[in-house]
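The structure appears right after this line, and notes come after that.
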Amino acid sequence: MQDTQAPARNSSTPKQNASQGKQRILSGMRSTGKLHLGNYVGALANWVKLQDSYDCFFFIADWHALTTDYADTSQVKQNSVEVMLDYLAAGLDPKKCTMFIQSHVPQHAELHLLLSMITPLGWLERVPSYKEQQQNIRDKDLNTYGFLGYPLLQSADIMLYQAHFVPVGEDQVPHIEITREIARRFNSFYPKLGRQGDREPQHTYVFPEPQALLTPSPKLPGTDGRKMSKSYDNSILMSDSEPVVRQKLKTMVTDPARVRRNDPGNPDVCPVGDVHKIFSSGATLQEVYAGCRSAGIGCIECKSWAADALLKILNPIRERREHYEQHPKEAWEILENGAEKARTASEATMKEVRAAMKMTKGYQESAEIKVGSS
Ligand code: TRP
Ligand code: SF4
């Protein structure tokens with residue numbers, strides 16, 4: 001798998017996190033339950049690399065899940081736990097990064113509310129996912145305030161940690177764009193104030209404008225050749241057992257031109273070929289190209305090689321997951337410690353937000369407010 005093109009760490013622009021001297025990254029996934037291979041190659045594998053060089057916060061967006069699942073919330077918590085187990089299984093390490101569940105950090109809701117005051121409705125209505133999802137998800141009524149506000153809640157998630165970079169796929173870019181616009185709007189309404197109530201000369205703004213860190217995601221189709229997606233029932237899960245992985249690969253569609261064993265095929269138009277391109281060694285890939293084009297190998301053999309390559313990656317992932325499934329308390333402790341760290345980091349931002357908006361809580365910080373008539 002390829003490396004992400006992460007910007008140089010010594011780029012001078014954004015404020016650095018004081019404690020570690022590292023720039024900050026935030027990303028998350030909705031509570032969708034067990035993750036599939038597409039989630040792994042498109043996001044998690046990249047996050048695992050990023051945790052070594054950045055101050056990373058990776059969270060599970062259970063409030064975002066409510067924007068579509070509000071009528072039946074019975075699976076949301078279980079789904080959050082499954083996502084957490086897959087984070088750990090992928091190799092996210094609580095010693096290197098902070099992992100938590102969104103609803104454990106109420107500051108997300110507070111910032112979302114404050115941002116909602118300054119967000120023009122038109123900005124939200126123009127986000128492409130809004131109309132798309134309303135058209136695609138027909139079995140749910142998505143004419144809600146919460147669903148319209150989905151991108152704004154995402155903006156709050158990002159801004160709350162004053163994140164510089166947000167590793168996401170192409171589909172999320174409009175959400176990062178609107179976050180930048182909202183950060184700019186907040187900063188212009190509420191510049192940071194110094195002790196004397198005047199503009200601070202340096203660090204004049206509370207929020208950096210975050211940048212998307214596009215994950216180069218190789219094309220990974222599902223078993224039916226369409227994009228891998230839970231709703232298509234064509235996924236290979238990160239937690240699938242070896243026999244299940246082998247079985248799913250056996251049923252995977254192939255180049256339709258190879259009807260009979262001695263028809264030549266083309267790995268570039270075959271979903272199994274795509275699996276090879278991501279997971280197989282160069283030598284195997286060469287054998288696949290040569291064997292497929294000359295009809296020297298059969299699809300059954302080719303698929304078993306693909307399964308071998310896949311399982312090399314998936315076996316250690318499944319073993320890590322099994323460890324936490326057997327020690328659920330350990331996983332919960334990681335989440336609780338993560339939430340604690342996230343609350344500390346986000347409360348620091350909220351203090352700046354409340355001060356900039358002149359909405360501080362304490363008497364001390366309200367010296368300029370006159371109490372009584374004197
Ligand atoms: N919208 C993202 C998705 O569907 C999930 C998400 C919520 C997110 N908040 C975020 C991603 C903040 C990055 C940053 O995948
Ligand atoms: Fe696809 Fe492999 Fe069959 Fe070629 S040999 S069509 S790459 S499964």
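Both counts, for ligands and for their atoms, begin at 1 and track the order of listing.
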Do the two ring centres, one from His175 and one from Tyr150, sit under 6.0 Å apart?
->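 Centroid separation for His175 and Tyr150: below 6.0 Å.
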Ring centres under 6.0 angstrom apart (Tyr161, Tyr54) |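 For Tyr161 and Tyr54, the ring centres are not under 6.0 Å apart.
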Quick one: does ligand 1 sit under 4.0 Å from the side chain of Leu153, the backbone, both or neither, non-hydrogen atoms only?
->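 The answer is neither; Leu153 stays 4.0 Å or more away.
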Indicate yes or no for a side-chain donor-acceptor contact from Arg185 to the backbone of Ser188 under 3.5 Å, with no hydrogens or angles considered.
->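 Answer holds: no.
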Asp274 side chain to Lys219 main-chain N or O, any donor-acceptor pair under 3.5 Å?
->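 Pair absent, no side-chain N/O of Asp274 close to backbone of Lys219.
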Ring pair (Phe, Tyr, Trp, His ring centres under 6.0 Å) partner of Phe100, the single match among Phe59, Tyr87, Phe58 |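 The passing option is Phe59.
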Note: Arg318-Glu325 ion pair, threshold 4.0 Å (strictly below) =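 No, Arg318 and Glu325 are not salt-bridged.
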Partner of Glu82 under side chain to side chain donor-acceptor pair (under 3.5 Å), chosen from Gln75, Arg321, Lys34, Lys77 |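 One option only clears the test, and that one is Arg321.
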Please state which protein non-hydrogen atom is closest to [atom] and give its distance, to 0.1 Å?
atom	value
atom 5 (C) of ligand 1	Gly28 O, 3.7 Å
atom 9 (N) of ligand 1	Asp157 OD2, 2.7 Å
atom 3 (C) of ligand 1	Gln172 NE2, 3.4 Å
atom 12 (C) of ligand 1	Gln154 CG, 3.5 Å

Taking only heavy atoms of [X], which atoms of ligand 1 are found under 4.0 Å from at least one of them?
X	result
Arg30	4 (O)
Leu26	12 (C), 14 (C)
Tyr150	1 (N), 2 (C), 3 (C), 4 (O), 5 (C)
Ser27	13 (C)
Val166	13 (C), 14 (C)

No-hydrogen, no-angle side-chain donor-acceptor test under 3.5 Å, [X] and [Y]:
X	Y	value
Gln102	Asp157	yes
Tyr40	Asp86	no
Ser217	Thr215	no

So what's near atom 4 (Fe) of ligand 2, protein N, O or S atoms under 2.8 Å?
->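 Protein N/O/S atoms under 2.8 Å of atom 4 (Fe) of ligand 2: Cys292 SG.
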Taking all non-hydrogen atoms of both residues into account, name the closest pair between Pro267 and Lys277 and its distance.
->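 Closest approach of Pro267 to Lys277: O-NZ, 4.3 Å.
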